[in-house]
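Inspection log for the structure reproduced underneath, given as structure tokens.
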Amino acid sequence: MQHNFYLLSLFFALLLTPFSSRGQAYQYETGVPVSVGQQNLQMPWAGGLNAVQASLADVNGNGEPELVLFDRGSSQVQVFAQTAQGWVWLPQERFRFPADITNWLLLVDYNGDGRKDLFTSTPAGVRVFENSAAAGQPAAWSLAYQLLEYPGSNAAVNLLVNSGDVPLIADTDGDGDIDIASFDPSGTGTIRWYKNVGVENFGRSDTLVFELADRHWGGLTECACKELAFNYAACPDEGGRAAQRPLHAGGKSLLWQDLNGDAVPDLLLGDEECTYLYYLPNAGTAAAPVFNTFDTKLPGAATATDFPFPAAYALGDDILVSTNLKTAGAQMDYGHSLWLYEQQPGGGYSLTQNDFLQGQQLDAGEEARPAFIDIDADGDLDLLLGNRGQLQADGYYAKLQLYENTGSAGAPAFSLKEADFLGLSAAKHQYLQPQFADYNGDGAPDLLLTVYNSAANKVRVLVYLNTAASGMPLQFSGSQVQDVAVPLTTLDYPYYYDVTGDGLLDVLAGRFDGSLRLYTNTGTLAAPAFELSSAAYKGFALDNVRRHLIPSVGDADGNGQPDLVVSDATGDVRILHSFLRGDASAAAAQTVAVEVDDSAFGARLGDKSWPVLAHLWAAEVPALVVGQIGGGLVLLRNGQALPPPGEEQRFELLVYPNPAYLATVKIQTNAPAQIRVLSMLGQVIAQWETDGSRILEWEPQLAEGMYLVEARFAGERKVKRLLIVR
């Protein structure tokens, strides 16, 4: 689905409308400082990076190229700008890109207008978006080619690039138009060269018209790790393996760049099943390359890559190498997976950073899982951060990090205090998820840790009882640990909360299939016992689109009522307000909107994320802190003032689904009201009256954009923003 970058006049709406405290609009907060040792991180809340594809392009229209990264691990676009003070994260720029990018993204100017266009994956091959922005304006994408094709013997054939590959998209033969090279999708280990014949056939270089000109480009065949066949030779017959058959056929990456200074482009090749990045000097020409030797180091470089599936990208004259692994199957150091090789004076390359950008982010390695508590009893919330794991000298396992809030309840700031809180690394757990809750009913928060024990292939729930006196810093001891039997698997994402109100913690377990299970505690404080009471709690049932549902509970609007927060594989975060009400259902969950430049968007937080609400600013409703697959955190601030103490929300207005994707919009109130839908300029589009006992169903025939839904109750007025997306 293609999303445009809206230019909406929310300024007028703010003049017209006092929004209710339940409006789910957040903004990126990047100004909260985080320090590690003596280092102040430059962009701590950028979410972490694991497996990126890199391009340079002017995204914001300022005339300077930004660094555009597509993280294949989370399916997120990230944009960074280089300044005199260093690199700066530009979170708002991701919303300029289509929302449904998967597998790979490269920015290349195919039509010669000086603006980079967007090439990306589809299940059938390659699609292309033209950068249709006027000169000097921010990038704007319009679909130019739904599918690239070339003539076959009987009909047009899809130009297929395997989903795990990064193709070569460049003017390889120097005739002025863009060609494409990629590995044979059937797994022969050879490279296909698709020549753009726009110049030859039509005398123009601004089109994408291809023919399959070479099935064995450069005479190269990749046979196995560190084994390449040259000059059209077959793979050797070794170990009983049939001749002419590659040993493996994982994902591949290609980069076309002059690396040795002879003015002829060379090739960098990466493979999913290898840790080597192959440098193949071109002994031929650009139009007719010849590869007959290789090295596993860049020219002049003393250090070769040593992580799985290295893929290379040109940053001007420098080379960025990142893993291109989609899944977290490999146990590698994801805190050091972006290697920057800088070109040296006189030629050659040197590895200058193995944590490019990552070293300036709060990065726990992989799958950051946050929890907040005032652990030192100084009146502000501290951060406890778990993760899936990090590569250590003696294995791959998780640590629990404690970041102390060295700021205040009105101005948070965090500093790493303990890199291995409670010494949990000794147990070598993985998938370590912390949470604080009163487990034993003494009124004090205890530490609940969900962990995966790889040796026993078992999910465990460990409860560290808080032994501190009231008002004192929390204390946890290894002698005060209980191992609680909860029916969880590695496919569950649990959150512990007293749903039934009986003083016992129940379990809300989000599932890989998009459903939400409720396990009710039918035991006692001394002997808990959990039974499955709902396989689709509140209507959160199996959903093939919204997979990997991850829940938490908090008070999003500060009204004293618990709200259910869920994230899923769409990148959305939804909030079901006052979820313990009998009539609360998944259909009424409201999608969190992120405001950027007078526009609002779904959060686009990636394939899997861990959202928690944290009261970081005392006078405001809680912020939303989201753990990312990339190992870091994103901080979203609501900024709305807390309601006065004791004030209850007499009237409620629900509008869902929101954003609305070609769907019926439901409008619900808890009392009689006059309902109006307004444009952002205050024009009345539709209106009704409701007695508060029924749900209004409306099919908006409206253009894409932001609208207002207003409810006028007796003596009170509430407004919600509604985003229509086509």
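- Among all heavy-atom pairs drawn from Phe95 and Ala603, the shortest one is CZ-O, 4.0 Å.
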I would like to know whether Gln628 and Gln76 meet side-chain hydrogen bond (donor to acceptor under 3.5 Å, both in side chains); could you show each step before the answer? CA-CA 10 Å; Gln628 299 275 269; Gln76 286 184 300; 3.0 Å; yes
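- Using a cut-off of 4.0 Å between Lys/Arg side-chain N and Asp/Glu carboxylate O, Lys417 and Asp382 are scored as not salt-bridged.
- Between Asp568 and Arg547, none of the side-chain N atoms (NZ, or NE/NH1/NH2) sits under 4.0 Å from a carboxylate O, so this pair counts as no salt bridge.
- The backbone N or O of Asn466 lies less than 3.5 Å from a partner atom in the side chain of Asp446, making a donor-acceptor pair.
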Test side chain to side chain contact (heavy atoms under 4.5 Å, CB included) on Leu400 and Leu385 and set out the steps. CA-CA 6 Å; Leu400 197 58; Leu385 186 60; 6.0 Å; no
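- With hydrogens and angles left out, the side-chain atoms of Tyr439 and Asp442 include no donor and acceptor closer than 3.5 Å.
- Contact annotation: the side chain of Val594 never approaches that of Arg604 to less than 4.5 Å [non-hydrogen atoms, C-beta and beyond].
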Can you check side-chain hydrogen bond (donor to acceptor under 3.5 Å, both in side chains) on Gln430 and Arg388, steps first, answer last? CA-CA 5 Å; Gln430 296 178 10; Arg388 175 183 182 264; 4.9 Å; no
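- For the residue pair Thr102 / Lys326, no side-chain donor-acceptor distance below 3.5 Å is found, with atom types taken as modelled.
- One side chain, Asn324 or Gln53, offers a donor N or O that lies under 3.5 Å from an acceptor on the other.
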Assess whether salt bridge (Lys or Arg N to Asp or Glu O under 4.0 Å) is satisfied between Arg517 and Asp492, documenting all intermediate values. CA-CA 9 Å; Arg517 292 183 176 183; Asp492 294 314; 5.3 Å; no
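- Of the N and O atoms on the side chains of Gln78 and Arg94, at least one donor lies less than 3.5 Å from an acceptor on the other residue.
- By the 30° and 60° cut-offs, the orientation of the rings of Trp87 relative to Phe356 is perpendicular.
- Here the closest heavy-atom approach between residue Thr450 and residue Pro494 is recorded as OG1-CG, 3.7 Å.
- Taking 4.5 Å as the limit, some side-chain heavy atom of Leu357 sits within range of a side-chain heavy atom of Leu67.
- Shown here is Glu418, whose CD atom has more than 12 heavy atoms of other residues, nucleotides or ligands within 6.0 Å.
- Between Tyr396 and Glu366 there is a side-chain heavy-atom pair separated by less than 4.5 Å.
- The shortest non-hydrogen separation linking Leu448 to Ala437 is CD1-O, 3.8 Å.
- A pairwise comparison of heavy atoms in Asn50 and Gly365 identifies OD1-O, 3.3 Å as the closest pair.
- Using cut-offs of 30° and 60° for the angle between ring planes, the Phe476 and Phe436 rings count as tilted.
- Counting heavy atoms from C-beta on, the side chains of Leu624 and Val573 come closer than 4.5 Å.
- Using bins of under 30°, 30° to 60° and over 60° for the plane-to-plane angle, the ring pair Phe579/Tyr497 lands in the tilted bin.
- In this model, no donor atom of one side chain and acceptor atom of the other lie less than 3.5 Å apart for His548 and Asp607.
- Side-chain atoms of Trp339 and Asp306, non-hydrogen and from C-beta on, do get closer than 4.5 Å to each other.
- Partner of Glu404 under the side chain to side chain contact (heavy atoms under 4.5 Å, CB included) criterion, out of Ile375, Asp376, Leu416, Asp380: Asp376 alone.
- Counting only N and O atoms by type, the side chains of Thr500 and Asp506 include a donor and acceptor under 3.5 Å apart.
- Contact check for Asp438 versus Leu505: no side-chain heavy atoms found under the 4.5 Å cut-off.
- Counted within 6.0 Å of OH on Tyr276, heavy atoms from surrounding residues, nucleotides or ligands total 12 or fewer; the atom is thus considered open.
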Ser415/Thr406 under side-chain hydrogen bond (donor to acceptor under 3.5 Å, both in side chains): CA gap, chis, key distance, verdict: CA-CA 7 Å; Ser415 177; Thr406 56; 5.5 Å; no
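- Put simply, the side chain of Leu362 reaches to within 4.5 Å of the side chain of Leu41, judged on heavy atoms.
- With no hydrogens or angles considered, no side-chain donor-acceptor pair links Tyr431 and Gln433 at under 3.5 Å.
- Of the N and O atoms on the side chains of Tyr452 and Asn457, at least one donor lies less than 3.5 Å from an acceptor on the other residue.
- Annotation: side chain of His429 is in contact with side chain of Leu462 (closest heavy-atom distance under 4.5 Å).
- Side-chain contact, Gln358 with Ser337: a donor N or O sits under 3.5 Å from an acceptor N or O.
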